[in-house]
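Reading through the structure tokens given below for one structure.
The shown structure was predicted, so the numbers you read here are calculated from the model rather than taken from an experiment. The sequence lines fix the lettering, A, B, ..., with proteins before strands; numbering per chain opens at 1.
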Amino acid sequence: MSILKRDFYLRPNVVQIARDLLGKFLCTESDGELTSGIICETEAYAGITDRASHAYGDRRTARTEIMYRVGGTAYIYLCYGIHSLFNVVTNEEGVPDAVLIRGIIPVDGTGIMLQRSGKVKVTNDFGIGPGRVSRILGIHYSWSGLDLLIETGKNCKPAIWVEDRGIRIDPSLILSGPRIGVDYAGDDALLPYRFTWKKM
DNA sequence: CGGCCGATCCACT
DNA sequence: GTGGATCGGCCGA
């Protein structure tokens, strides 16, 4: 097991990174509780030319500025006034590529994850949905800008990172399709930038 | 300023 | 299948 290094995130092809994140472990330490899950659904957002992206048209605002940071930064924003949606920033500083994590298979800390969700049982869809990912992992949009390569946890500040624990998804099992909820993006809504894999 | 709306989820029918 | 929750970001006036 190893924490993904900077060079993983610095690669220029955000779509490839979205595929490569499948099977990796998204881990957090929030309120002193360690939780993790296997990333099982992702979406790529491809910089200033992607109409579905918050950075489309090179629009720099206080919020999207995080997307322009160096690969390996957390970009988290509030959606529908309720949900914190977590993205991994990729590419070199100045290029606003990001991968939205849309689903995890819970692994470590399922007890605290259940507690956070207000549910009593871990169902099959327990970690599916970007809002749920953040809810059960204790991710808050105030964490936006955290570096995924610095352990800031230690029972005080929140920490978030991605680990490789050796799971390899056979590329032939990876499924792609259009991204969810981006109808406003015109032709770009049709791009096959959403990734999952076929479970047997 | 004011108003619209979103990379969603859940309860309810 | 549908609608309400809930509020910051963004744009236009």
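Not a single donor-acceptor pair under 3.5 Å links the side chain of A:Ser144 to the backbone N or O of A:Tyr141. Looking at A:Arg19, its side chain never comes within 3.5 Å of a backbone N or O of A:Gln16 through a donor-acceptor pair. Using a distance-only test at 3.5 Å, with no hydrogens or angles considered, no donor-acceptor pair links the side chain of A:Thr196 to the main chain of A:Glu41. Counting only distance, with no hydrogens or angles, the side chain of A:Tyr184 and the backbone of A:Ala52 share a donor-acceptor pair below 3.5 Å. The backbone N or O of A:Gly131 lies less than 3.5 Å from no partner atom in the side chain of A:Ser134, so there is not a single donor-acceptor pair.
At the heavy-atom level, A:Arg179 lies nowhere under 4.0 Å from the strands shown.
Nucleotides C:dG3 and B:dC5 place their C1' atoms 16 Å apart, quoted to the nearest Å.
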* To do: Could you please spell out the steps behind the side-chain hydrogen bond (donor to acceptor under 3.5 Å, both in side chains) verdict for A:Asn91 and A:Tyr68?
  => CA-CA 9 Å; A:Asn91 217 321; A:Tyr68 289 81; over 6 Å; no
* To do: Before giving the answer on salt bridge (Lys or Arg N to Asp or Glu O under 4.0 Å), spell out for A:Asp108 and A:Arg165 the whole-Å C-alpha distance, their side-chain angles and the decisive distance to 0.1 Å.
  => CA-CA 13 Å; A:Asp108 298 305; A:Arg165 299 191 188 175; 3.1 Å; yes
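Under the 4.5 Å side-chain heavy-atom criterion for grouping Ile, Leu, Val, Met, Phe, Trp and Tyr, A:Ile136 is connected to A:Val107 within one hydrophobic cluster.
A:Tyr141 has its OH atom 15 Å from the C1' atom of B:dG6, to the nearest Å. For A:Glu43 and B:dG6, the CD to P distance is 15 Å, given to the nearest whole Å. Following rounding to the nearest Å, A:Ile128 (CD1) and B:dA7 (C1') show an atom-to-atom distance of 16 Å. One interatomic measurement links the two molecules: CG of A:Leu85 to P of C:dG9, which rounds to 14 Å at whole-angstrom precision. If you take CD of A:Glu41 and C1' of B:dC9, they are 14 Å apart, rounded to a whole angstrom. For A:Tyr77 and C:dC7, the OH to C1' distance is 14 Å, given to the nearest whole Å. The nearest whole Å value for the distance from the CG atom in A:Leu78 to the P atom in C:dC10 is 12 Å. Rounded to whole Å, atom P of C:dG9 lies 15 Å from atom CE of A:Met67.
Put simply, A:Arg194 has no side-chain N or O that comes within less than 4.0 Å of OP1 or OP2 on B:dA7. At C:dC10, one or more side-chain N or O atoms of A:Arg63 fall inside 4.0 Å of OP1 or OP2 (strictly under the cut-off).
Looking at A:Val182, A:Thr49, A:Asp50 one by one, the single match for side chain to side chain contact (heavy atoms under 4.5 Å, CB included) with A:Asp188 turns out to be A:Asp50.
Position along DNA chain B of the nearest nucleotide to A:Lys119 versus A:Val182 favours A:Val182 as the more 5'-ward residue.
When distances run from any side-chain atom of A:Ile180 to the nucleotides C:dC10, B:dC10, B:dT8, the shortest one goes to B:dT8.
Within the 4.5 Å cutoff, no side-chain heavy atoms of A:Ile104 are placed close to those of A:Arg132. A:Thr28 is listed as a side-chain neighbour of A:Ile139, based on a closest heavy-atom distance under 4.5 Å.
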Every protein N/O lying under 3.5 Å from an N/O of nucleotides 11-13 of chain C:
unit_1	atom_1	unit_2	atom_2	d
C:dC11	OP1	A:Arg59	NE	3.2

Protein-nucleic acid N or O pairs under 3.5 Å, nucleotides 2-6 of chain C:
unit_1	atom_1	unit_2	atom_2	d
C:dT6	O2	A:Tyr80	O	2.4

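In a base pair of the Watson-Crick type (N1 to N3 plus N6-O4 or O6-N4) or a G-U wobble (N1-O2 and O6-N3), with each distance short of 3.5 Å, C:dG12 is matched with B:dC1. Using N1 to N3 plus N6-O4 or O6-N4 for Watson-Crick, or N1-O2 and O6-N3 for G-U wobble, each under 3.5 Å, C:dT6 pairs with nothing.
From A:Leu78, atom CG reaches atom OG of A:Ser142 across 10.5 Å, with rounding to the nearest 0.5 Å.
Near-neighbour residues of DNA chain C inside residues 96-110 of chain A, defined by a heavy atom below 4.0 Å, are absent.
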